[in-house]
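Heads up, the thing below is written out as structure tokens.
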Amino acid sequence: MAREYNHQEVERKWQAAWERDGVYHVSDSPASASAYVLDMFPYPSAQGLHVGHPEGYTASDIYSRYLRARGTTVLHPMGFDAFGLPAENYAIKTGTHPAKTTQENIDNMRQQIKRLGFSYDWEREVITSDPRYYKWTQWIFIQLFKHGLAYESDAPINWCPKDKTGLANEEVIDGKCERCGTPVTKKQIKQWLVKITDAKYIERLLHGLDTLDWPESIKTLQRNWIGRSEGAEIKFEILNPKSETNSNSKAINSKQYITVFTTRPDTLFGATYMVLSPEHQLVDVITTDKQKKTVDKYKKEAAAKSDLERTDLAKEKTGVFTGAYAINPANEKKVPIWIADYVLSSYGTGAIMAVPAHDERDHAFAEKFKLPIVQVIKPARVMPAMNPPMGSAAAWGMGDSDLEYTCWTGDGQMMNSGKYDGLDSVEGKEKIIADLEKKGVGRKAVNYKLRDWLFSRQRYWGEPIPIVHCEKCGNVAVPEDQLPLELPNVEKYEPTGTGESPLAAISDWVNTTCPECGGPAKRETNTMPQWAGSNWYWLRYCDPRNNTQLADPEKLKAWLPVDMYVGGAEHAVLHLLYARFIYMFLYDIGAVPQEVGEEPFAVLKNQGLIMGEDGQKMSKSRGNVINPDDVVDKYGADVLRMYEMFMGPFEDAKPWSTQGIVGIRRFVEKVWDVGARTAPDAAASDDVLVHGTIKSITEKIEQFRFNTCISDLMKWSNAWSGPVNQSEFEIFIMLLAPFAPHLAQELWSQLGHDSYIAQEQWPAYDEFKIVETEITYAIQVNGKVRDTITVPAATDEQGTIQIALQQEKVQKHLKGEPKKTIFVKDKLVNFVT
RNA sequence: GCCGCCGUGGUGAAAUUGGUAUACACGAGGGACUUAAAAUCCCUUGGGAGCAAUCCCGUGUCGGUUCGAGUCCGACCGGCGGCACCA
């Protein structure tokens, strides 16, 4: 009777049949309800597929197959994010063209993915390095440029000395290059930036998050990254230094100000000095002759420091006095102006009012340089009267030594603040801002941590930025009818390191004519970052071969927004932020129809990381990498799929276990075995089991709780022995089909069906059949379970309590009449004495 | 330092709105089949006491709320992820 399950043969057979019959192809105009289920597309690496890829792909595949069975038309595409550094670095090493290695890697990974039996519509595949695709990536850039949202700047940027390219803020992790881990330095070269901080977008990027069904952690990450702070901008009048001490004094007109940003205007009376960042424009203007040497030296040192050195928290504060003073507008007191690298030039106004009594950084600086510390906020140290008392002083955020030895950074009662004394600091904040506004020396202000998005890379393997530099006309966009601006071939891929890409060496290509005046001009030689292609790819899936627009708005309307987006959490502030911004922009210019809304991904699920068997992150150097191909060869695609779903909750990190896989393989063989002993007239299992399982799996697929779906199926199969009722088994394999599509299809066909199970309807369940005829009650005495009783479902409360009371074990523990009886229907009876 | 998430058997993990903690699977131990092994099937498997019925303890630690807490609240300990002089 034991027949062997040949997974290789079965899987190959059905994959070929699905492809031949276009089972998963979806037409353009969904007639019925539609859904868009999207995976984050992979980078085609030479290492091929990682076991982490099939985790997300299996989840989205189960969900897609389930929705189809429920009668929904599902767009479920796949493609490749094909521009990027590894292919280029390989080219540098071997002289092989990146296009060639990329193509080989794509072909390999596509085969690996196809072996897993996912229900992708491969006719919609997009590849970001294909000129027919990046024509539209370039088109989007030109629209940004035309709307003033892409601009050139030569401010210092993050620079990776190993990859020899600029990096966006989001690509710098702990001061190191996201790709290679090399410490990032600063470099001043001309760069393209995209204005993601534009007032038209930043608040929408922030508030749009509230409308999204995304993991809270990802939304929090984005909120923190955007980093909105409310406060005030306050103007401090610069005291005109005596002419004999500053030869630049003529530059100072009658009244000149330094504007600072603060979130704590309520501490203004405690501002005893000011600090400018070393790069601040006014530094040279205000510095006295006497201090000039010291200041220049400090500026030079600061400029030479790397970001890591400058932001090292452990390091002592440094800074120098400029010799100049300003007037604190609150109390007209004269305060010294210093420069220090703990003040960043790129945030706020690049200048601060220092309140050493109520800011730890200012406090440390003031202690070191003996600057005055004036307390202006008194902590509300009175503990709220509570009965019973709740926690210690520490529990209320207070330390006994807060006032005496360190600085209080919380709210409290204002003091040493003139007419504001005694006010609550929260209230005082508003009052001070209002008064400053009246005097014209301050206003409410909002600042963000988010910086504009560095968009040029000094590398070869990316989309050329479609701009021409003309002496007469400035930066001119390549006319749209000349797109795509194809990436030319080069001899050497090595980045120059000078801030130019290898494209700069091709004079034929670089030298061109200005599209506006026809005069001689030069092409932009930088390329776009990898994020450029992934910013909009899901739009292209809706209309992948369109040659006249990025996608037909009617087709976008049919599918967008994405109903379910599945991928890793590592893209929280990279792809997922950039993509939202670009989508909002396309929405604003009408490339995305208004009807679909301005958020691209309605629901987001993050798969948890799959760790190595040692509990460590999988990596080649640790030697703990599992190759999905090996698992598919040995156990089959269905086993890999189900194992990855069975490992644990979808969003949790979990370690791989080679031993654990055999449990799934045994389950597959068990089901396969049962397939050979079904009989139309065999006794069916209990209705509660059958209908309860259908209900449970239906609900859990919708909640992405696939691990418990599989244990539900196992429980059901454990109930079988001997011949199994055929129609019951058919329901079982329909529920199994999203998880193990090959096995389910093979069994379906062996049972005499010539249809595809993937096109069959999802089983329905009957609520009435899930109702138990008998209920088991837990009987507790004082909350401890002492016995259980099983009564007919119709038994009422009094009846159940009576039976419970009569139990010997209950009597033993009860000792007399219960004071109180708790009855929870269908659950328990609790006697309290 | 700040923000977020998480601590349940030997292991991966289950557990509607608070309601019989440890489902399902792995591993381990025992048994059946076999000349033997593998495979398969059956039984046992949180800790402790007891011949047993049964009892006590038990979801990182301590406390609280409640008839009842893995679940809610507070403090602490440990781990993971993110941010990091952002004024």
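Remember, it's a predicted structure, so these values are computed and weren't measured experimentally. Reminder, nothing fancy here: chain letters follow the sequence lines and each chain counts from 1. Below, all heavy atoms of this structure are taken into account, side chains as well, without hydrogens, waters or symmetry copies.
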Between A:His813 and A:Val832, name the one whose nearest nucleotide on RNA chain B is closer to the 5' end.
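The answer here is A:His813.
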
More 5' along RNA chain B: A:Ser345 or A:Pro655, using each one's nearest nucleotide?
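Its nucleotide being nearer the 5' end, the pick is A:Pro655.
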
Are a donor atom and an acceptor atom from the side chains of A:Thr693 and A:Asp712 found within less than 3.5 Å of each other?
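Result is no, nothing qualifies.
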
Determine whether the side chains of A:Asn447 and A:Ser229 contain a donor N or O and an acceptor N or O closer than 3.5 Å.
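On atom types as modelled, these side chains do not qualify, holding no pair under 3.5 Å.
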
Looking across every strand, which nucleic acid part, if any, lies under 4.0 Å from [X] by heavy atom: base, sugar-phosphate, or nothing?
X        : answer
A:Phe646 : base
A:Gln780 : base
A:Asn830 : base
A:Thr788 : base
A:Val785 : sugar-phosphate
A:Leu221 : sugar-phosphate
A:Lys670 : nothing
A:Thr821 : nothing
A:Asn718 : sugar-phosphate
A:Val343 : base

Any side-chain N or O of [X] less than 4.0 Å from the OP1 or OP2 oxygen of [N]?
X        : N     : answer
A:Asn707 : B:A14 : yes
A:Arg666 : B:U40 : yes
A:Arg786 : B:C56 : yes
A:Tyr347 : B:A87 : yes
A:Lys809 : B:U54 : yes
A:Lys820 : B:C67 : yes
A:Lys449 : B:G82 : no
A:Arg705 : B:A15 : yes
A:Thr708 : B:C24 : no

Take atom [atom1] of [X] and atom [atom2] of [N], then tell me their distance rounded to the nearest Å.
X        : N     : atom1 : atom2 : value
A:Leu344 : B:C83 : CG    : C1'   : 14 Å
A:Glu651 : B:G12 : CD    : P     : 20 Å
A:Asp652 : B:G7  : CG    : C1'   : 12 Å
A:Tyr635 : B:A39 : OH    : P     : 12 Å
A:Leu828 : B:U66 : CG    : C1'   : 14 Å
A:Tyr273 : B:A87 : OH    : C1'   : 11 Å
A:Lys812 : B:U54 : NZ    : P     : 8 Å
A:Asp362 : B:C85 : CG    : P     : 14 Å

With [atom1] as the reference atom in both, quote the distance from [N] to [M] in angstrom, rounded to an integer.
N     : M     : atom1 : answer
B:C72 : B:U65 : C1'   : 8 Å
B:C6  : B:C55 : C1'   : 35 Å
B:G70 : B:G18 : P     : 13 Å
B:C24 : B:C73 : P     : 31 Å
B:U11 : B:A28 : C1'   : 11 Å
B:C67 : B:A14 : P     : 31 Å
B:A38 : B:A49 : C1'   : 41 Å
B:G82 : B:U22 : C1'   : 33 Å

Is any NZ, NE, NH1 or NH2 atom of the basic residue among [X] and [Y] found under 4.0 Å from an Asp or Glu carboxylate oxygen of the other?
X        : Y        : result
A:Lys444 : A:Glu230 : no
A:Asp673 : A:Arg666 : no
A:Glu233 : A:Lys235 : no
A:Glu699 : A:Arg705 : no

Between the side-chain atoms of A:Lys819 and the base atoms of B:C67, is any donor-acceptor pair under 3.5 Å?
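Side chain to base: no pair below 3.5 Å.
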
Compare the minimum distances between each of [options] and the side chain of [X], then state the nucleotide with the smallest one.
X        : options             : result
A:Gln659 : B:G27, B:G19, B:A87 : B:G27
A:Asn224 : B:C3, B:A13, B:C55  : B:C3
A:Thr776 : B:C3, B:G19, B:U20  : B:U20
A:Val662 : B:G27, B:A25, B:A87 : B:G27
A:Tyr342 : B:U20, B:C24, B:C85 : B:C85

Indicate yes or no for a side-chain donor-acceptor contact from [X] to the backbone of [Y] under 3.5 Å, with no hydrogens or angles considered.
X        : Y        : answer
A:Lys219 : A:Leu212 : yes
A:Gln375 : A:Ile377 : yes
A:Lys654 : A:Pro649 : yes
A:Arg622 : A:Lys617 : yes

B:G9 glycosidic torsion: syn (within 90° of 0) vs anti
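Syn conformation here, the glycosidic angle of B:G9 being no more than 90° from 0.
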
Can you list the stems that include RNA chain B, where a stem is three or more consecutive Watson-Crick or G-U pairs with distances under 3.5 Å?
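Ordered by first number, the stems with RNA chain B (at least 3 consecutive pairs each) read B:1-7 with B:77-83, B:10-12 with B:24-26, B:27-32 with B:40-45, B:46-49 with B:54-57, B:60-64 with B:72-76.
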
Test ring pair (Phe, Tyr, Trp, His ring centres under 6.0 Å) applied to A:Phe236 - qualifying residues, sequence neighbours left out:
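If we apply the ring pair (Phe, Tyr, Trp, His ring centres under 6.0 Å) test to A:Phe236, skipping adjacent residues, there are no hits.
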
Report yes if the side chains of A:Leu205 and A:Ile196 come closer than 4.5 Å at any heavy-atom pair, otherwise no.
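The answer is yes; the side chains approach within 4.5 Å.
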
